[in-house]
Amino acid sequence: MNYYLWTIGCQMNFADSRRAAEELQKLGYREVDRPQDADLILLNTCVVRQSAEDRVTGRLTSLQGLKRRKPEIRLALMGCYVSEIPALQHRYPWVDAFIKPSDVAAVVDLATRHTAPLTPQPNESPISGSQPPVSVGVPISYGCDHLCTYCIVRLRRGPEVSRPVEEIVTEVRGLARRGVREVTLLGQNVDSYGHDLAGVDQREVRGQWHPDLADLLEAIRDVDGLERIRFLTSHPADMTDRLIETAARLSRVCEHMEVPVQSGDDGVLRRMGRGYTVAQYRDLVARIRKAMPGVGLATDVIVGFPGETQAQYEATYRLLEDLRFDMVHVAAYSPRPDTPAERLPDDVPPAEKERRRKAVDTLQERIVGEINAQLLGQTVKVLVEERYKGKWRGRTRTNKLVFFDVAGEDWTGHVVPVRITWTGPWSMQGEVEEG
Ligand code: SAM
């Protein structure tokens, strides 16, 4: 049995796909590169912007012909595209299963319903390809409790549900035993992790005891074999000093945070329903940078939100110029069905949205180019993830991509001191520091 997997969207989707792939491999399935070679096709989808949704519908349409020719292929659609299932069944009758985001058990169910009992071949294990990558995303919560007016994620993924601490610790230990050196704790908003869990001996939130993200970091800090810990995405209104202090103190937690600002104007932030002001955001960045000098900071920005004036956009631009992030994910506002912002007039013309988006991209390319250039000649510690196009590829603790070339040894999973010899905005190159 073969499976073909196609994933777009956030890190959570990629983590879900990895989990689904592992389960399929346990059932004896092997991954193939072309849908026509598969017995099971899994599309893991995103609808955060119209452009993502268009890619999904394009993919579904292109697979219709294949399904007509080979009706025995099972086609499953998973992720945030899946909402009103009867309507989807009506629209895409050639799809066999619609699976809600992160519901890996439903993928297993579909696969087992169509899998003959395993008969291991000589010299072949039915559980193949199960060596996980060096760096793995581990979902710690599903869904989101924020009500950002532009965002469809809560509508598709539901309210926030945290996984119990012990379950996550067990998973991280298991991954580390299998060679994983870095985990990224994932959630739409990791900073509010645990608020829905009954506590053991932890923090008080609204009169009740709950574990929080800081407790979770403490719980995995000593896992044998683990080298690095990251977490994303944070929400500026939920990040506590206790979390910042814990992240700064624990040596395995990387100097890397992703804290979306979305806009540099208070009026726009209010209409987005973000729950903080620009001044509060600036103060938060200052506290993070004080606690973690040299931290790699990433943010998200939306340009062209309904009613965003030129002056409000310029305030965002100036904030980015001022705070000098290591990464800015910038998107042009895209109205999403059934969100409160969809009812607002989408009054920034597409060409103007694109102009603002490109200007932010150009600014950011310059800033990150300058930040990275400061690393020229310095030695950084790179956790090597894989060999890529004839070079070794890995990341610094601050999440910078580094390539280096050296003969001999397999460096996968090793932390290597690399002296930086070339820098660009998106990556760096270097040489292994001897001795
Ligand atoms: N924790 C994140 C936060 O605080 O916003 C949530 C991650 S969100 C699902 C991913 C990003 O997609 C958002 O940060 C936002 O920049 C972008 N996004 C969401 N809805 C959008 C929309 N309607 N149009 C354009 N970009 C959007």
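The basis for the numbers below is simple: all heavy atoms, side chains too, and nothing from hydrogens, waters or symmetry mates. Values in this document were obtained by computation on a predicted structure and should not be read as measured data. Start at 1 and go down the list; that is how both ligands and their atoms are numbered.
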Seminar exercise, completed: Close residues (non-hydrogen atom under 4.0 angstrom from ligand 1) work out to V48, R49, Y150, V153, Q188, T233, S234, H235, P260, Q262, R274, D300, I302, A331, A332, Y333, S334, R336
Exercise. Who passes salt bridge (charged side-chain N to carboxylate O under 4.0 Å, His left out) against D283, sequence neighbours left out?
Worked result: R287
For this session: Could I get the full list of salt bridge (charged side-chain N to carboxylate O under 4.0 Å, His left out) partners for R157, not counting sequence neighbours?
Result: D16
Exercise. What pairs of residues pass the ring pair (Phe, Tyr, Trp, His ring centres under 6.0 Å) test when at least one of them lies in residues 291-311, not counting sequence neighbours?
Worked result: F305-Y333
For this session: State, without any angle test, whether T7 and N13 hold a side-chain donor-acceptor pair at a distance under 3.5 Å.
Result: no
Problem set entry | Axial cation check for Y388 ring with R393, 6.0 Å and 45° limits | yes
Exercise. Backbone N or O of G307 within a donor-acceptor pair of the D347 side chain at under 3.5 Å?
Worked result: yes
